[in-house]
Amino acid sequence: MADVRLSGVSKRFGAVEVLKGIDLQIADGEFVVFVGPSGCGKSTLLRTIAGLEAADEGEIAIGGRTVDDLSPSERGIAMVFQSYALYPHMTVYENMAFGLKLAKMDKVGIDRRVRAAAETLNIEAYLDRKPKALSGGQRQRVAIGRAIVREPKVFLFDEPLSNLDAALRVRMRYEFAALRERLKTTMVYVTHDQVEAMTLADRIVVLNEGAVEQIGRPMELYARPRNLFVAGFIGSPKMNLLPAEIVAASAAGATVRTAAGDCVRVDVDAARARPGEAVTLGVRPEHLDPSGQGDPVAATVTFIETLGHATYAHLGAAAAPLTVLLPGDARPAVGEALTVRVPAGEAHLFDAAGEAFPRL
């Protein structure tokens, strides 16, 4: 196992800067997930760690050793791609053993590693099959097994579950979590799926336009987003964001007025805010309770999503559209007036630059 350290890593493609001075430390044995919108640089950052792309500036160290001048094969990493990239004419055993054969490992060592990896991934029964005889989930496990046999210091995963259907992705998330517990190896994982990030990661790195917006544990990012971008990106459905202005502010809290004229108290340190200042009020769907505590916001039901265990009501409010989480048996009618309440202790507030006021 090994830690990974990035210091001031930048990458350009022509005039476009796709990575902007990335500083990141990944601890030995940690599972870190990169998330962000398409084109934010997360896969480029992973490929740069792997050595498939060369950084234009900065330094990358793995296990305390600077690897900028080392080839991918010399960095002690193994990478699993979105595409399984299995050799169709080879059996599962041969696919997993191929890299070790190229490395001139003896047959006994190869056999030991392949069978140990197959046992870890529960694919012993498929070793004599060819990829065309496997399901998508089985092929992905073979691709992971091909990485495991190398016994790398660091595993790199580039959206490994994106080609699978929804049910299989749920199962593979569980298998990834179990695999991590068995191997206890440093893992860096790229995904656009927030559920994967929230359920698998020790820490999440949120990227936007080549820069790091926030790094933290999943619930830290969910409960205390640093800025509007993270608030709107982490969470599904995303946080409700309403334009507002400061009515009163102090280190003990703030009162804001929405565009519809609703006044809402927010428990944040707003000592730097001034009356009349433009802000954004944030509140997650599960915290907008029609029968709960907090200041009221009037709205009208425009659309209902019934999921069985829960119901999401989409509301047309004068300030901005709202999404509210209701019990599964709730059946509000489209066009019905619905007043929801914003609890001061669960609300967020962001200044005109999009930076969050500290929650109390």
Side-chain angles (χ1 to χ4, degrees), residues 1-83 147 150 152-160 162 180 185-194 196-198 200-218 220-221 225-230 233-234 354-355:
M1 295 190 293
D3 64 332
V4 178
R5 178 176 52 82
L6 285 73
S7 303
V9 172
S10 297
K11 176 67 180 177
R12 299 177 185 84
F13 291 114
V16 179
E17 189 174 20
V18 294
L19 297 177
K20 303 174 181 177
I22 303 292
D23 293 313
L24 176 63
Q25 292 193 4
I26 300 172
D28 186 6
E30 191 174 24
F31 196 129
V32 170
V33 177
F34 296 165
V35 298
S38 297
C40 70
K42 54 187 184 292
S43 289
T44 300
L45 181 57
L46 194 76
R47 290 173 62 84
T48 303
I49 295 172
L52 299 175
E53 302 285 355
D56 293 312
E57 297 172 7
E59 180 181 272
I60 299 171
I62 298 176
R65 179 179 66 158
T66 300
V67 298
D68 300 297
D69 296 327
L70 299 182
S71 68
S73 63
E74 298 173 302
R75 294 190 178 200
I77 59 95
M79 190 161 179
V80 178
F81 298 90
Q82 179 178 347
S83 170
R150 295 187 57 192
K153 297 177 182 177
V154 179
F155 283 101
L156 306 176
F157 298 97
D158 191 4
E159 302 203 44
S162 60
R180 180 272 176 93
T185 304
T186 308
M187 296 185 178
V188 186
Y189 188 105
V190 165
T191 183
H192 64 276
D193 188 320
Q194 293 185 40
E196 287 178 26
M198 293 292 287
L200 292 175
D202 291 323
R203 287 190 301 153
I204 295 174
V205 179
V206 182
L207 293 160
N208 182 34
E209 296 182 350
V212 173
E213 294 284 353
Q214 189 171 353
I215 302 171
R217 295 190 175 276
E220 177 187 346
L221 269 60
R226 180 178 296 170
N227 54 39
L228 270 174
F229 178 84
V230 177
F233 188 82
I234 297 293
E355 297 300 311

Colleague: Which heavy atom in R12 sits nearest to a heavy atom in D56, and how many Å separate them?
Modeller: N-OD2, 2.6 Å

Colleague: Any side-chain to backbone donor/acceptor pair from R75 onto I49? Under 3.5 Å, distance only.
Modeller: yes

Colleague: Please step through side-chain contact (heavy atoms from CB on, under 4.5 Å) for the pair I204 and M198, ending with a clear verdict.
Modeller: CA-CA 8 Å; I204 295 174; M198 293 292 287; 4.0 Å; yes

Colleague: Just verifying a value: how many Å separate N208 CG and K20 NZ, rounded to the nearest 0.5 Å?
Modeller: 8.0 Å

Colleague: If you round to the nearest 0.5 Å, how far is OG1 of T48 from CG of L6?
Modeller: 8.5 Å

Colleague: For F233, what residues pass the ring pair (Phe, Tyr, Trp, His ring centres under 6.0 Å) criterion, not counting sequence neighbours?
Modeller: F229

Colleague: Return the CD1 to OG distance between I22 and S7, rounded to the nearest 0.5 Å.
Modeller: 11.5 Å

Colleague: Closest heavy-atom contact between V9 and A55?
Modeller: CG1-CB, 4.0 Å

Colleague: Kindly state each residue pair satisfying ring-ring contact (aromatic ring centres under 6.0 Å, His included) with at least one member in residues 34-83, sequence neighbours excluded.
Modeller: none

Colleague: With a 4.5 Å limit on heavy-atom distance, are the side chains of Q25 and D3 in contact?
Modeller: no

Colleague: In Å and rounded to the nearest 0.5 Å, what is the CG to CD distance from N227 to Q214?
Modeller: 7.0 Å

Colleague: Can you tell which of D69, D68, I62 makes a side chain to side chain contact (heavy atoms under 4.5 Å, CB included) with T66?
Modeller: D68

Colleague: With the side chain counted from C-beta on, respond yes when H192 and S38 share a heavy-atom pair under 4.5 Å apart, and no when they do not.
Modeller: no

Colleague: Are L70 and R65 close enough that some pair of their side-chain heavy atoms sits under 4.5 Å apart?
Modeller: yes

Colleague: How close do V230 and P225 get, heavy atom to heavy atom, and via which atoms?
Modeller: CG1-CB, 3.8 Å

Colleague: Using only atom types and a distance under 3.5 Å, with no angle test, would you say the side chain of K42 pairs donor to acceptor with the backbone of L207?
Modeller: no

Colleague: Identify the heavy atoms of P152 and A147 that sit nearest to each other, and give their distance.
Modeller: CD-O, 3.5 Å

Colleague: So which heavy atom on T44 is nearest to which on K11, and how close?
Modeller: CG2-CG, 4.1 Å

Colleague: Measure the shortest side-chain to side-chain distance between I26 and V205 over non-hydrogen atoms and say whether it is less than 4.5 angstrom.
Modeller: no

Colleague: Does any part of the side chain of D202, heavy atoms only, come nearer than 4.5 Å to the side chain of V32, both counted from C-beta?
Modeller: no

Colleague: Under the rule for side chain to side chain contact (heavy atoms under 4.5 Å, CB included), what residues qualify as partners of S71, not counting sequence neighbours?
Modeller: S73, E74

Colleague: Below 4.5 Å, heavy atoms only, C-beta onward: do E159 and D193 meet side chain to side chain?
Modeller: no

Colleague: Quick one: does R47's side chain get under 4.5 Å of L156's, heavy atoms only?
Modeller: no

Colleague: State the OG1-CZ distance between T186 and R180, to the nearest 0.5 angstrom.
Modeller: 9.0 Å

Colleague: For the atom pair CZ (R150) and CD1 (I77), what is the distance rounded to the nearest 0.5 Å?
Modeller: 6.0 Å

Colleague: Please name the pair of heavy atoms, one in V190 and one in P160, separated by the smallest distance, quoted to 0.1 Å.
Modeller: O-CD, 4.1 Å

Colleague: Apply salt bridge (charged side-chain N to carboxylate O under 4.0 Å, His left out) to E59 and R5, showing your working.
Modeller: CA-CA 8 Å; E59 180 181 272; R5 178 176 52 82; 3.1 Å; yes

Colleague: Would you say L46 and M79 make side-chain contact, with heavy atoms under 4.5 Å?
Modeller: yes

Colleague: Where do E196 and V33 land on the side-chain contact (heavy atoms from CB on, under 4.5 Å) test, with the steps shown first?
Modeller: CA-CA 9 Å; E196 287 178 26; V33 177; over 6 Å; no

